[in-house]
Amino acid sequence: MANPKTTSGIPIDELYETNSAQLEQPGQWPYTRGVQKDMYRGRLWTMRQYAGFSTAEESNKRYHYLLNNGTSGLSVAFDLPTQIGYDSDHAMSEGEVGKVGVAICSLRDMETLFAGIDFEKVSTSMTINATAATLLSFYIALAKKQGADISKISGTIQNDILKEYAARGTYIYPPKPSMRLITDVFEYCSKEVPKWNTISISGYHIREAGSTAVQELAFTLANGKAYCQAAINKGLDINVFAQRLSFFFNAHNNFFEEVAKFRAARRMWASITKDLGATEPKAMMLRFHTQTGGSTLTAQQPLNNVSRVTLQALAAVLGGTQSLHTNGYDEALSLPTEEAAKLALRTQQVIAHESGVINTVDPLGGSYFVENLTDEVERLAWDYISRIDTMGGAVAAIEQGFMQQEIANSSYAWQKAVENGEELVVGVNKYTQEKEAAPPLLRVDDNIRITQTEKLNQLKADRDNQITKDKLQTLEQAAKDGGNLMPCIIESVEAYATLGEVADVFRGVFGEYKG
């Protein structure tokens with residue numbers, strides 16, 4: 001192979017015989033080798049399976065199925081209307097209700113979604129951003145109805161709006177009020193729900209949009225730095241709120257580059273938080289969830305995706321992830337079937353219990369290749385962060401279109417390389433076959449919107465609409481006055497205000513962002 005490179009364009013030498021690694025102990029600053037001294041010898045990563053589709057009833061069945069098959073944490077996928085603040089009966093929701101996740105319009109839907117699941121015994125991650133504060137409020141309100149001690153419930157909301165502007169697009173409000181909602185969650189949870197991870201700063205979607213590994217790392221950490229600075233400006237203590245920050249990274253196909261990316265991320269975040277004033281070790285630790293690469297899945301020869309997912313999951317484990325979701329082999333074609341979801345979970349279990357990779361900490365530490373690659377990934381990522389800082393930080397870089405253009409350029413270059421054969425994708429542009437048997441697919445009923453609309457009509461008939469109206473008016477005034485919005489959102493959803501009603505209050509006060 002002539003002049004091999006990583007996906008970030010880093011040249012790969014034929015042989016590595018030296019490195020400059022300063023191999024500190026795992027669990028010690030700057031945490032290159034892991035945030036725990038014994039890593040998986042002490043505790044395995046949390047095995048999550050991202051699930052949610054159709055109605056709350058159908059998703060609840062899938063959650064119980066996954067829990068019964070050994071999942072140790074739930075990850076909730078929401079449909080697009082829920083993500084952008086529309087109830088299922090809104091005109092903008094037509095054609096999208098329940099399609100890419102579960103439709104959640106109210107506390108009543110949340111009650112159905114988690115029926116029979118004890119919040120004090122399960123950790124729940126929710127992939128939600130613009131409406132994150134409202135979905136967390138649903139969860140807290142339901143926990144209180146269950147009789148749970150909300151100071152003991154644990155989980156994560158993604159709550160990362162900056163990457164929505166940069167890469168994904170499910171934003172609602174302009175950056176400034178969006179950042180206010182995020183820091184309000186930081187403040188509220190630090191006092192009331194201290195075990196909750198208040199943001200999952202996400203590189204995953206940046207990578208899915210076509211970035212390189214280096215760009216994913218740099219843009220994610222730049223966004224994280226912006227969230228920390230916003231919280232500090234609000235008067236919050238970095239030694240408190242930074243302990244509840246988590247990250248969400250992609251695991252792609254270039255195995256060793258991915259391992260290097262995860263190791264470099266910990267080292268870089270330790271330096272960033274220290275420079276921002278952190279002194280508590282846990283406030284400087286980068287803890288992260290990983291999901292295997294959705295954009296690497298192929299619709300052609302979908303069973304090949306089992307191999308891809310296995311390699312990506314192994315890279316995440318060798319890179320020191322704290323939790324992991326493995327994609328179903330059929331997800332390039334549809335939401336995963338139960339069979340595909342179970343096989344994806346079994347993949348993690350085989351790695352954990354049969355491969356032996358958990359028996360020692362940072363097994364690739366000291367590798368000439370991995371240590372050199374870790375240094376180079378870090379160097380290139382710092383170069384990006386320096387450019388972003390010069391622009392005025394992540395928010396300014398996004399407003400100027402810098403991140404978006406860099407991602408678009410990388411995405412175009414990759415697709416062009418695939419189409420001209422410079423990059424080989426098995427089953428797509430190499431080792432193809434003319435006839436393929438289609439696997440069974442999961443289909444979502446198009447009548448779900450009718451069902452959800454009927455539920456909403458019943459909800460509005462059952463609730464005390466005057467109380468709901470009063471709570472929403474109080475929320476509107478709080479949005480105008482500048483106080484912490486979380487208590488008012490919780491009181492509104494406890495009065496069975498819908499997701500769309502809460503979002504409309506904020507639309508009225510904050511306006512909508514036009515990218």
Side-chain angles (χ1 to χ4, degrees), residues 78-97 100-101 103-110 126-139 141 157-186 188 199 230 395 398-399 449 452-453 456-457 459-460 463 465-515:
F78 298 98
D79 71 358
L80 282 174
T82 303
Q83 293 180 48
I84 55 176
Y86 293 118
D87 291 332
S88 297
D89 60 354
H90 195 284
M92 289 291 289
S93 300
E94 187 169 358
E96 292 293 346
V97 176
V100 299
I104 298 295
C105 301
S106 70
L107 176 57
R108 187 171 289 180
D109 284 335
M110 194 68 105
M126 295 187 280
T127 301
I128 196 73
N129 299 286
T131 55
T134 306
L135 268 296
L136 177 58
S137 296
F138 284 150
Y139 197 87
I157 44 170
Q158 192 164 105
N159 205 22
D160 176 4
I161 203 65
L162 293 180
K163 66 92 175 49
E164 297 296 329
Y165 301 123
R168 190 163 174 266
T170 63
Y171 46 74
I172 304 174
Y173 322 113
K176 190 172 182 180
S178 294
M179 294 291 278
R180 173 189 169 186
L181 281 166
I182 289 167
T183 54
D184 281 358
V185 170
F186 287 2
Y188 176 83
I199 193 169
V395 175
I398 289 167
E399 289 175 340
R449 185 166 183 254
Q452 280 295 108
T453 298
L456 280 163
N457 291 337
L459 172 77
K460 291 173 182 177
R463 72 188 185 185
N465 283 292
Q466 186 58 52
I467 292 177
T468 307
K469 181 180 179 182
D470 291 344
K471 296 297 184 183
L472 289 170
Q473 287 177 341
T474 301
L475 176 63
E476 180 181 13
Q477 193 59 49
K480 293 175 179 177
D481 291 344
N484 192 301
L485 292 167
M486 280 299 292
C488 291
I489 299 173
I490 292 170
E491 289 181 7
S492 295
V493 302
E494 286 177 330
Y496 289 94
T498 68
L499 173 91
E501 289 170 336
V502 171
D504 283 345
V505 167
F506 294 147
R507 284 187 179 97
V509 177
F510 302 146
E512 293 188 69
Y513 181 70
K514 305 297 182 184

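In this chain, numbering begins with 1 at the start of the sequence shown.
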Self-check item: Value rounded to 0.5 Å, distance of CZ in R108 from CG in L456
Solution: 10.0 Å
Quiz prompt | Side-chain donor/acceptor of E164 to backbone N/O of T170, under 3.5 Å | solution = yes
Exercise. Report, as yes or no, whether the 6.0 Å neighbourhood of atom NZ on K469 holds more than 12 heavy atoms from other residues, nucleotides or ligands.
Key: no
Quiz item: Are any of the side-chain heavy atoms of L181 and Y173 separated by less than 4.5 Å?
Solution: yes
Exercise. Please report the shortest heavy-atom distance between A497 and F138, naming the atom on each side.
Key: O-CE2, 4.1 Å
Quiz item: Would you say the side-chain atoms of R180 pair up with the backbone N or O of A479, donor to acceptor, closer than 3.5 Å?
Solution: yes
Quiz item: What distance do L136 atom CG and Y139 atom OH have between them, rounded to the nearest 0.5 Å?
Solution: 9.5 Å
Quiz item: Side chains of L499 and I104: does their closest heavy-atom pair fall under 4.5 Å?
Solution: no
Exercise. Mind checking the CG-OG1 spacing from L107 to T134? Nearest 0.5 Å is all I need.
Key: 12.0 Å
Quiz item: Relative to the ring of F510, is the ring of F506 parallel (under 30°), tilted (30 to 60°) or perpendicular (over 60°)?
Solution: parallel
Quiz item: Which atoms form the tightest heavy-atom contact between I199 and Q158, and what is the distance?
Solution: CG1-O, 3.2 Å
Quiz item: Does any non-hydrogen side-chain atom of Q83 lie less than 4.5 Å from one of T127?
Solution: no
Quiz item: Roughly how far apart are S137 OG and I490 CD1, rounded to 0.5 Å?
Solution: 4.5 Å
Practice problem: Compare every heavy atom of S93 with every heavy atom of P81, then report the nearest pair and how far apart it is. | Solution: CB-OG, 3.3 Å
Self-check item: Residues, nucleotides or ligands: over 12 heavy atoms within 6.0 Å of E512 CD
Solution: yes
Quiz item: Are L135 and T82 close enough that some pair of their side-chain heavy atoms sits under 4.5 Å apart?
Solution: yes
Quiz item: Going from CZ on R168 to CG on D160, what distance comes out if it is rounded to the nearest 0.5 angstrom?
Solution: 10.0 Å
Exercise. Assess the side chains of Y513 and S178: does a donor N or O sit below 3.5 Å from an acceptor N or O?
Key: no
Quiz prompt | Minimum heavy-atom distance between K471 and S492, given as atom pair plus value | solution = O-OG, 3.4 Å
Quiz item: So, does T131 use its side chain to make a donor-acceptor pair with the main chain of G85 at under 3.5 Å?
Solution: no
Quiz item: Shortest non-hydrogen contact from G500 to D87?
Solution: N-OD1, 2.8 Å
Practice problem: Decide yes or no for L475 and E491: does some side-chain heavy atom of the first lie under 4.5 Å from some side-chain heavy atom of the second? | Solution: no
Practice problem: Check for a donor-acceptor pair, side chain of N484 on one end and backbone N or O of M486 on the other, with a separation under 3.5 Å. | Solution: yes
Quiz item: Tell me, do T498 and T468 make a side-chain contact under 4.5 Å, heavy atoms counted?
Solution: no
Quiz item: About how many Å separate CG of D109 and CG of L459, when rounded to the nearest 0.5 Å?
Solution: 8.0 Å
Quiz item: Any side-chain heavy atom of Q452 sitting closer than 4.5 Å to one from C105?
Solution: yes
Quiz item: Do the side chains of Y171 and I161 get nearer than 4.5 Å, heavy atoms only?
Solution: yes
Quiz item: What heavy-atom pair brings I157 and V185 nearest, and what distance separates the two atoms?
Solution: CD1-CG1, 3.9 Å
Quiz item: Does any N or O in the side chain of D184 come within less than 3.5 Å of the main-chain N or O of L485, such that one atom is a donor and the other an acceptor?
Solution: yes
